[in-house]
Amino acid sequence: MTKILIVDDERDVELLFRQKFRKEVRSGLLELAFAFSGSEALRLLDSEHPPEVVYVFSDINMPGMTGLELLEKIKRQFPAINVSMISAYGDTENFKKAMDSGAREFFTKPIDFDSLRKEIGKIINQE
Amino acid sequence: MDFILLIIAFRYLQTHEQTKQVHPDWQTIFFKLLVAACALLVIQISFQTTRSFLSWIAHAATLYIVYAAYNKKEFSPLKHFVYAFFPLVIVYIFQDFAQLMAPVFYETYEAWFETAELFAWIWLVAQFIINRKQRKALELERIKAAQQELQFKQSQKLKDALEIQVAERTAEITAQKEALEKTLHELKAMQSQLIQSEKMASLGELTAGIAHEIQNPLNFVTNFSELNKELLDELKDELEKGDLDEIRAIVSDIEGNEDKIIHHGKRADAIVKGMLQHSRSSSGVKEPTDINELADEYLRLSYHGLRAKDKSFNASMETDFDEAVGSVNVVSQEIGRVILNLVNNAFYAVAEKKRQLEKHGASEVANKYKPTVWLSTKRGVNGIEIRVKDNGTGMPDSVKDKIFQPFFTTKPTGLGTGLGLSLSYDIIKVHGGKLTVSSHNSESEIGENTWTEFLIFIPC
């Protein structure tokens, strides 16, 4: 069972992911968790002993803590957790910042679920 | 005696007002005649023999004067003079005539003649005195009248001068009024132009936010549509298998997703409509508006707009909407502009504070600082309140006093028009409400406990 966390201030993202990965979830390969802000994500990660989440997908543009700030914090506190960014702004500045801070991948919105599925598939296989 | 009479007559005529005024040239003639009469008098006295001859000349002259006084128009005012010495002339002529023609008769009645002569003289003197009096009275009257005339003329002149002055002033004032009206007209035109350009400027600031706000729902529309397509494929498979429970589950998912597509489509639509409304000139029509929805929409637009412009910018937004606020009759785009303005300012203030903290190297304070903007609504007894609060730089009183003045801005040149708050103030005033500000600013130490709060009150 691979647990991933999706961070986005848009609540409908949860519905979208749950339907998209319905099969994986049903088959018990994948568990999905959601947070709607950076601080909520950190609280969730903090609450797990031992940590269950292995992969975090985060939006960049969020009120309060941005995805990039969250990325830095996760990498500092939980270096083992993979983090990828999902942003509507695929500009080089954001991309470079994310990669320099240790992001694994950079996805642009609208989300291409095929490539996302491949990425998640890789993690599941590693597990 | 005849010549004395003539001398008196000529003297009188010479000095009389009538002569002075009507025939000034006659004065010299009368003077010459006067001198001649004097000469003849001397001759008459010196040579007794010429007496009777010369006295007839004198009679002729006096008679002529009497005749002239009666018949010449120019002499008519002198008639009373003639009355005065006419009896004496008659007495003298009759005396001389009697002496010449009937000396006996004359000598017999000489006492009578002398008495008549005396009475005639008395008559003459009396007439002269009366005449003189009358003349003086008349003269006085005349002078009075002349003075009055003069006064009248002077006042008339004064009046004319005043009228000219009044006309000049009136023309001046009218010209001034026209110039002022023209200026006012130009200023009004300029004002509406400024309002429009301010609107467009704030729209420009919004563009990025709007793009983001449209992008998000569009992404959902795309994603949920794709999802439904996949679900429809699965549905086909399940139909062949005939698993009714699975079919029901998929159909309900498709339904839910369709709702989401509709919801996000409408969201994008509303944003575009809002943007168009913002750029159009205000219709000024009040309509029931969901204040909470409006506030939330503009808060998001402002946030994403600033985020898109400045990647390093971020702030927390905390909203506290009172559901009791509900719909209020307002010009929605105008109130939206006010909220947008206030929220933009709030975000600017927190970003500025963060920048200042970092610049001063107070890294600990800077790390602890959490830029936050609060937006809340509340229904009161008389109306609704919208509060926009930030923990930004705050304002000293000197700034606070001026923020609602047009063209006042603390932003660097080119970043603010200085019209945002001034226009906001006017908009709220037109709605019969109040826009007030309170702020705390600690000048001594950097950072802590500075804040600003704007309060919109709209009666309803």
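Convention: sequence-line order gives letters A, B, ...; per-chain numbering from 1.
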A:Ile60 versus chain B, heavy atoms under 4.5 Å apart: side chain, backbone, both or neither?
both

Is any side-chain heavy atom of B:His263 closer than 4.5 Å to one of A:Asp12?
yes

Is there a side-chain contact between A:Phe17 and B:Asn223, using heavy atoms and a 4.5 Å cut-off?
no

Ion pair check, A:Arg22 and B:Glu234, cut-off under 4.0 Å
yes

Tell me, do A:Met65 and B:Ser316 make a side-chain contact under 4.5 Å, heavy atoms counted?
no

Per-residue contact mode, B:Leu218 against chain A (heavy atom under 4.5 angstrom)
neither

Interface moiety of B:Phe220 toward chain A, non-hydrogen atoms closer than 4.5 Å:
side chain

So, are B:Lys370 and A:Glu69 salt-bridged, with charged N and O less than 4.0 Å apart?
no

Has A:Glu48 got more than 12 heavy atoms of other residues, nucleotides or ligands less than 6.0 Å from its CD?
yes

4.5 Å side-chain heavy-atom contact, A:Met62 and B:Asn314
no

Are more than 12 heavy atoms from other residues, nucleotides or ligands located less than 6.0 Å from atom CZ of A:Phe95?
no

Salt bridge (charged side-chain N to carboxylate O under 4.0 Å, His left out) between B:Arg300 and A:Glu10: does it pass, once the steps are laid out?
CA-CA 12 Å; B:Arg300 296 173 72 86; A:Glu10 293 275 1; 3.8 Å; yes

Starting at CD of B:Glu226, measure out to CG of A:Leu16 and round the result to the nearest 0.5 Å.
9.0 Å

Side-chain heavy atoms of B:Leu231 within contact of A:Gln19, under 4.5 Å
yes

How about NZ on A:Lys75, more than 12 heavy atoms from neighbouring residues, nucleotides or ligands closer than 6.0 Å, or not?
yes

Any side-chain heavy-atom pair of B:Leu227 and A:Phe113 under 4.5 Å:
no

A:Lys20 and B:Glu230: CA distance, side-chain angles, deciding distance, side-chain contact (heavy atoms from CB on, under 4.5 Å) verdict:
CA-CA 9 Å; A:Lys20 274 284 177 187; B:Glu230 287 169 24; 2.5 Å; yes

